[in-house]
Amino acid sequence: MSISTSVLSDLLQSLPYLRPQLYFKASLTALSHAMEDQVLAATLDQPLVIASFQRERFYRQEAHRYQRLAQRSNQIYVLSAPETDFANSSEYYEKVAFEPDDALSQEWHLVVVADNYATCLVCRESLGSIAKNQQIPEFSPGLDMDAGRRFEGIWTSERGVSIKAAQLLLDRILVYRPDLAKKVTKACQRFGIGEKKIYSNATSVLTEYACDIDTDPFVQRLVTYLQASQYKLHKAYRSIAAQARKERLVNSISTAIRRSLDPHQVLQIAAQELGQHLGASRCLIYRAQASDAQAVIEHEFLTPGTVSISGQTWELKNNSLFKEVVDHGEGVCVTDTLNDFRITNSPTLSLIAKKLAIRSWLIEPVVFQGRLLGIVELHYCALPPHQWQPGELDLVEAIATQIGAALIQAEAYANLEELNQQLEALDRTRSNLIAITGHELRTPLSTIQVCLESLATEPDMPVELQQVMLNTALSDSERMRKLVQDFLTLSNLESGRVEWHPESLTLQECIDLALSRLRIRPGVEKPPAIKTQIDGNLPLVRADGDWLVEVLAKLVDNACKFTPAQGEIKISATHNGSQMVEVTVADTGRGIEPNRLEIVFDRFYQEEGALRRTAGGTGLGLAICRQIVNGWGGAIWAASTGKDQGSQFHFTIPIAQNSQEENWSKVKSR
């Protein structure tokens, strides 16, 4: 008995001049409550009220309001798809249970028709919003699915539109509840529902907006909604400020690590900052390995009145919490030591908790490359027990990671110069990563957001301009996809997660495929000329075809980036009798300074500097090429006579020979 047609579609077909708008779930809730408040504020009128909920769980949230509305009128109808005990009844008002696969299950309706005013809200949930919410687990922590729900539909005070919407819904009601025919007929006669009256345009019904009721409840409800939105905005700002404080804490400890080679100073700063920021009674940091039976408390933060244990020996052998950390490689938190079985079942831990008045307890491992180096502990001694928040646990984990770097720094204290070089390289990589991702991600994201917001909020935008907005968003999303793909590719290559499929290949065919993948760079009217020069007697090469094409494409793309339109790019290959074919991609562009010929292959390297560059890109292309060439046992290097003198990138590929099969296996086994 379910009906597949949409009430909104039927309404728009009946009144073609109507133009649906986009609404978010929070806005519809505010409008619905405002319309209901308008009914509750009336004293004499007994309006017709029809409400349709998508699911029974949504109806249950509003059931008490409709009991109050039933005191104002006996013409109240509530429709919903049942999930538990929702069924047809007439206790307070008329309840109508429609089939779950009815088109009503995707719609949201509220229609109010009175003698002196009328208003209606008829919406349908957008398909994109439904699909998005179905992909997200319903009870995922930290995800507000309702905030992303979008609806399209009509909200108006035109009496003619409200009468037509009421008629469509009453027809649905009679399908499911034919026993209400007399009551529905009475309502139709009273409010003129079903009379043949055609509205060809909006101007013919302008007089229908007039009414003599008090609209203050409606306005007050909308003001309340705006105030609630402002509160949520302030709450978001406070959350951002809290996150900024956490980042400053991590940065302060990171700065201490970079500025000092004294691990005692670094760890004491970490204990002090972490304990103060999280409001702990006691913060301990000590060195420990997985096989240790005891540890000495080296660094401690205390609040006034808390017992100190600095310098004392800490029992680890019979510490079940420490054993759990070692076994699982992750932190352990205890909300209440009086009720946690791990504490109550351990005489050692019970004694420690009682002696040191520990009520809430967190143990976080300090790990470096899978090796346990130390422990960070937080003790809360006051009542009530501390309720751990996910952000706190993430922060402690981040600090433990920084502490691990400090302990490794202490182990390498004898080699001070080498350690400083590593830290400088790490800082340079991090700075480049932040700058590159900040530019390469934020710029297209901003463009996409502007385009989509314009499309969503300007329904009357010309079709040509809509297409321009859509093309712009698609272009920038492709730019972001390529950026993310480069990150994933380099990560897979460096971690060894790539499966190689070597085969005998013709180099010319690979070059043709690489050139076919290149496109004109944005902002460049004409690319430089590209020529190829391949020896006629060049033997077949043996490599993974997809990855060989990737290397050629990235080298040619890099050459196009730094070569003017009037310049030239040349691809050549030679075989000098060895087991390798040498391929060269040369250009007449800006060239490379001699002292930078090796570092151009580093990750995130930018020839102009990350913040001053004029050419786009991530600085990962050449790093990816090096990983691929090394993968098949070849070599890659750059050559240039200096700035504005052009550059040449060379790499070698094994030739395809019977004896080469064995060489390939040896290369991969290394």
Side-chain angles (χ1 to χ4, degrees), residues 141-142 238-239 242-243 245-246 249-250 253 267-288 294-367 372-404:
R238 290 196 298 270
S239 177
Q243 183 64 27
R245 289 194 297 271
K246 293 178 181 179
L249 172 61
V250 175
I253 296 176
L267 297 182
Q268 188 57 44
I269 292 175
Q272 186 77 17
E273 295 285 346
L274 185 60
Q276 286 183 346
H277 183 86
L278 294 182
S281 303
R282 184 186 296 111
C283 179
L284 307 178
I285 300 179
Y286 53 89
R287 303 190 193 196
Q294 295 178 330
V296 177
I297 304 301
E298 300 172 329
H299 307 281
E300 179 185 61
F301 161 80
L302 298 172
T303 57
T306 305
V307 177
S308 174
I309 55 174
S310 178
Q312 296 184 20
T313 300
W314 200 243
E315 182 67 30
L316 299 178
K317 184 177 181 180
N318 298 320
N319 189 327
S320 59
L321 294 182
F322 176 76
K323 185 177 184 303
E324 184 176 345
V325 168
V326 172
D327 292 342
H328 295 89
E330 58 185 22
V332 174
C333 63
V334 177
T335 301
D336 191 346
T337 56
L338 298 181
N339 298 322
D340 193 288
F341 72 95
R342 293 169 294 186
I343 307 299
T344 56
N345 293 342
S346 171
T348 301
L349 295 180
S350 297
L351 180 61
I352 293 175
K354 183 177 181 180
K355 181 179 178 181
L356 300 180
I358 303 174
R359 193 62 186 269
S360 300
W361 199 341
L362 173 66
I363 300 180
E364 181 69 32
V366 177
V367 180
L372 181 65
L373 302 177
I375 294 291
V376 176
E377 291 196 20
L378 290 174
H379 301 166
Y380 290 84
C381 303
L383 292 176
H386 184 74
Q387 299 297 323
W388 302 102
Q389 302 298 322
E392 295 177 339
L393 302 179
D394 293 340
L395 177 61
V396 176
E397 183 179 355
I399 297 301
T401 301
Q402 300 294 329
I403 293 173

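For reference, positions follow the sequence shown, starting with 1.
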How long is the gap from [atom1] on [X] to [atom2] on [Y], to the nearest 0.5 Å?
| X | Y | atom1 | atom2 | result |
| --- | --- | --- | --- | --- |
| L395 | L274 | CG | CG | 6.0 Å |
| Y380 | T337 | OH | OG1 | 14.0 Å |
| L284 | L362 | CG | CG | 11.0 Å |
| K317 | N319 | NZ | CG | 13.5 Å |
| E324 | E330 | CD | CD | 8.0 Å |
| L356 | S281 | CG | OG | 11.0 Å |

Starting from the C-alpha separation in whole Å, work towards a yes-or-no answer on side-chain contact (heavy atoms from CB on, under 4.5 Å) for V396 and L278.
CA-CA 9 Å; V396 176; L278 294 182; 3.5 Å; yes

Indicate yes or no for a side-chain donor-acceptor contact from [X] to the backbone of [Y] under 3.5 Å, with no hydrogens or angles considered.
| X | Y | value |
| --- | --- | --- |
| R359 | H386 | no |
| E300 | I309 | yes |
| T313 | V296 | no |
| H277 | E273 | no |
| S350 | I343 | yes |

Taking C-beta and beyond as the side chain, do [X] and [Y] meet within less than 4.5 Å on heavy atoms?
| X | Y | answer |
| --- | --- | --- |
| H299 | Y286 | no |
| W361 | L349 | yes |
| Q387 | T335 | yes |
| Q294 | L316 | no |

Which pair of heavy atoms, one from [X] and one from [Y], lies closest together, and at what distance?
| X | Y | result |
| --- | --- | --- |
| S346 | R342 | CB-O, 3.5 Å |
| F322 | A288 | CE1-CB, 4.3 Å |
| W314 | E377 | NE1-OE2, 3.1 Å |
| T344 | F341 | OG1-CA, 3.2 Å |
| A271 | I285 | N-CD1, 3.6 Å |
| E364 | A400 | CG-CB, 3.8 Å |

When you look at R287 and V366, which way does the side-chain contact (heavy atoms from CB on, under 4.5 Å) test go after all the steps?
CA-CA 9 Å; R287 303 190 193 196; V366 177; over 6 Å; no

